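Just so we're on the same page: letters track the sequence lines, and every chain starts at 1. These numbers were taken from a predicted model, which means no experiment stands behind them.
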There are 2 protein chains.
Amino acid sequence: MTANPSPLALSNQLCFAFYSVSHAFSRAYRQFLDPLGLTYPQYVVLLVLWEQDGLTVKEIGDRLFLDSGTLTPLLKRLESAGHIRRARDKKDERQVRISLTKTGRALREKAEEIPRQVGCVLGLPVDELRALTEQVAKLRSRLHDSASPSLKS
Amino acid sequence: MTANPSPLALSNQLCFAFYSVSHAFSRAYRQFLDPLGLTYPQYVVLLVLWEQDGLTVKEIGDRLFLDSGTLTPLLKRLESAGHIRRARDKKDERQVRISLTKTGRALREKAEEIPRQVGCVLGLPVDELRALTEQVAKLRSRLHDSASPSLKS
DNA sequence: TACAATTCAATCGCGTACAATCTATAAAGA
DNA sequence: TCTTTATAGATTGTACGCGATTGAATTGTA
């Protein structure tokens, strides 16, 4: 499909491009995350928590576009790895608040070099990266606005 | 992470953008693929076969950047749905050739409208789509060239 | 021709994604 | 207050991705 001579519809090309690049990204991160014992989704959850500790499962899900079906088992793994704690909110017992442990906070320093290393792999000028990121984010909001009966926020 | 005030590293932003858009795309396709009983990865495999029938598992994997661990079970599902046949190559018994059944070929017409419908959801001008697709493909080849000890072709 | 190295597909195990469902809790309304 | 509705998270089932391994078939090489 990459160097395809026939006129495949553009939307299909674009979707597949995202589909395959997303996996390629995850492979690129893997080489740096493996030594930390993290998967990419786990790393992204930690990024969120390093920004703001003590979020609920729902708040994490809103930021990452993931639901509890994905997050609950993932968070349990992060918990048994010792990086986070899960505890029911005292004020609202429906919610579960996620807080970093000492080792979870410490992991941040070890992970600090990762984006730079991945940036090397990409080897693109910063302004090109920035423009691309913006375009892609625009695309996402279009996709979220339509469709998706779940994750409507 | 979307409207994030703090200076998160650019590579992380870009990777997460791809990660989340890729899922958003898959949700967007789902509404059109569900009636056909297909998942997005199954649809992509059929796209390849509609282009060129009788490919081996490896050849499909090369085009889609997937390995047999992913493809074998997926192809078995397409087989039990009646869309394809799997058969060892007579010349080289290591290979398995995938060929479309009559219903597999017939499915193509039902799927023909999908890219246009998704295009509507995107609502972007064609030349913008084309430029974006190109940029993303460029990014993928950079990512594949580095890293990824598997899938080296 | 023998035999080692390679290739291809299948299999296994783990970790996501996500729809659908369930339970507990909280909020809203009569 | 009592009941209805809504919300948060957990659970279940299905389907990817992919690293690692296995087994069979083929190729390369001495």
Side-chain angles (χ1 to χ4, degrees), chain A residues 19-31 33-34 37-45 55-62 64-81 86-98 147-153, chain B residues 19-31 33-34 37-45 55-62 64-81 86-98 147-153:
Chain A
Y19 168 80
S20 59
V21 168
S22 156
H23 294 319
F25 255 121
S26 140
R27 275 193 292 272
Y29 271 80
R30 195 177 348 264
Q31 60 184 310
L33 290 174
D34 265 353
L38 293 175
T39 64
Y40 179 72
Q42 290 167 6
Y43 169 67
V44 181
V45 167
L55 293 172
T56 67
V57 174
K58 171 126 187 39
E59 287 167 335
I60 296 172
D62 285 345
L64 301 179
F65 312 106
L66 297 173
D67 68 4
S68 72
T70 302
L71 283 175
T72 297
L74 187 157
L75 290 168
K76 283 183 177 175
R77 273 175 224 116
L78 283 180
E79 185 180 40
S80 59
R86 298 160 60 248
R88 289 278 164 187
D89 189 313
K90 287 287 172 234
K91 313 269 184 191
D92 184 344
E93 293 262 350
R94 288 172 303 181
Q95 304 184 130
V96 168
R97 296 216 166 263
I98 309 299
S148 91
S150 72
L151 281 182
K152 60 181 184 308
S153 48
Chain B
Y19 167 80
S20 58
V21 168
S22 158
H23 292 147
F25 254 122
S26 142
R27 276 192 292 272
Y29 272 81
R30 199 185 336 270
Q31 59 184 312
L33 290 174
D34 264 354
L38 293 176
T39 65
Y40 178 73
Q42 289 168 6
Y43 169 68
V44 181
V45 167
L55 293 172
T56 67
V57 174
K58 173 129 189 37
E59 287 167 336
I60 295 172
D62 284 346
L64 301 180
F65 312 106
L66 297 172
D67 68 3
S68 70
T70 301
L71 283 175
T72 298
L74 187 157
L75 291 168
K76 284 184 177 175
R77 274 173 225 118
L78 283 179
E79 185 180 41
S80 58
R86 298 160 60 249
R88 290 276 165 190
D89 189 312
K90 287 286 173 237
K91 313 268 181 188
D92 185 344
E93 294 261 350
R94 288 173 305 181
Q95 305 184 129
V96 169
R97 295 218 166 262
I98 310 298
S148 90
S150 72
L151 282 180
K152 61 180 184 311
S153 49

Those residues that, when tested against B/Thr39, pass side-chain contact (heavy atoms from CB on, under 4.5 Å) (two or more places apart): B/Pro41, B/Gln42
Value in whole Å for how far the C1' atom of D/dA15 lies from CG of B/Asp34: 13 Å
Atom-to-atom span, CD of A/Gln42 to C1' of C/dT16 - whole angstrom: 9 Å
Atom-to-atom span, NZ of B/Lys90 to C1' of D/dA25 - whole angstrom: 14 Å
B/Asp67 CG to D/dC16 C1', straight-line distance once rounded to whole Å: 11 Å
Between D/dC16 (P) and B/Phe25 (CZ): distance, integer Å: 19 Å
Under 4.0 angstrom between B/Tyr19 side-chain N/O and C/dA17 OP1 or OP2: yes
Contact check, side chains of A/Leu75 and A/Val96, non-hydrogen atoms, under 4.5 Å: no
A/Tyr40/B/Tyr19 aromatic ring centres below 6.0 Å: yes
Under 3.5 Å donor-acceptor, A/Thr70 side chain and A/Leu66 backbone: no
Closest to the B/Arg30 side chain, choosing from D/dG17, C/dA19, C/dA26: C/dA19
Any residue meeting side-chain hydrogen bond (donor to acceptor under 3.5 Å, both in side chains) with B/Arg86, in chain and number order, not counting sequence neighbours: B/Glu79
Any B/Thr39 side-chain N or O less than 4.0 Å from OP1/OP2 of D/dC16: yes
Listing time: all N or O pairs from protein to nucleotides 7-13 of chain D that are below 3.5 Å?
residue: D/dT7; atom: O2; partner: A/Arg94; partner atom: NH1; Å: 3.3
residue: D/dG9; atom: OP1; partner: A/Val57; partner atom: N; Å: 3.2
residue: D/dG9; atom: OP1; partner: A/Val96; partner atom: N; Å: 2.9
residue: D/dG9; atom: OP1; partner: A/Val96; partner atom: O; Å: 3.4
residue: D/dG9; atom: OP2; partner: A/Lys58; partner atom: N; Å: 2.6
residue: D/dA10; atom: OP1; partner: A/Arg86; partner atom: NH2; Å: 2.5
residue: D/dA10; atom: OP2; partner: A/Thr72; partner atom: OG1; Å: 2.5
residue: D/dA10; atom: N7; partner: A/Ser68; partner atom: OG; Å: 2.8
residue: D/dT11; atom: OP2; partner: A/Lys76; partner atom: NZ; Å: 2.6

Test side-chain contact (heavy atoms from CB on, under 4.5 Å) applied to B/Arg94 - qualifying residues, sequence neighbours left out: B/Asp92
A/Gly69 backbone acceptor or donor facing A/Thr72 side chain under 3.5 Å: no
Distance test, side-chain N/O of B/Arg77 to OP1/OP2 of D/dT14, below 4.0 Å: no
Rounded distance in Å - CG (B/Leu33) to P (C/dC18): 15 Å
Difference in axis direction between the ends of the helix from C/dT1-D/dA30 to C/dA30-D/dT1, five pairs, 10°: 10°
Contacts of A/Glu59 that satisfy side-chain contact (heavy atoms from CB on, under 4.5 Å) - sequence neighbours left out: A/Leu55, A/Thr56, A/Arg63, A/Arg97
Polar side-chain atom of B/Asp62 near backbone of B/Phe65 as donor-acceptor pair, under 3.5 Å: no
Atom-to-atom span, CZ of B/Arg27 to P of D/dC16 - whole angstrom: 17 Å
Rounded distance (Å) that lies between atom P of D/dG17 and atom CG of B/Leu74: 8 Å
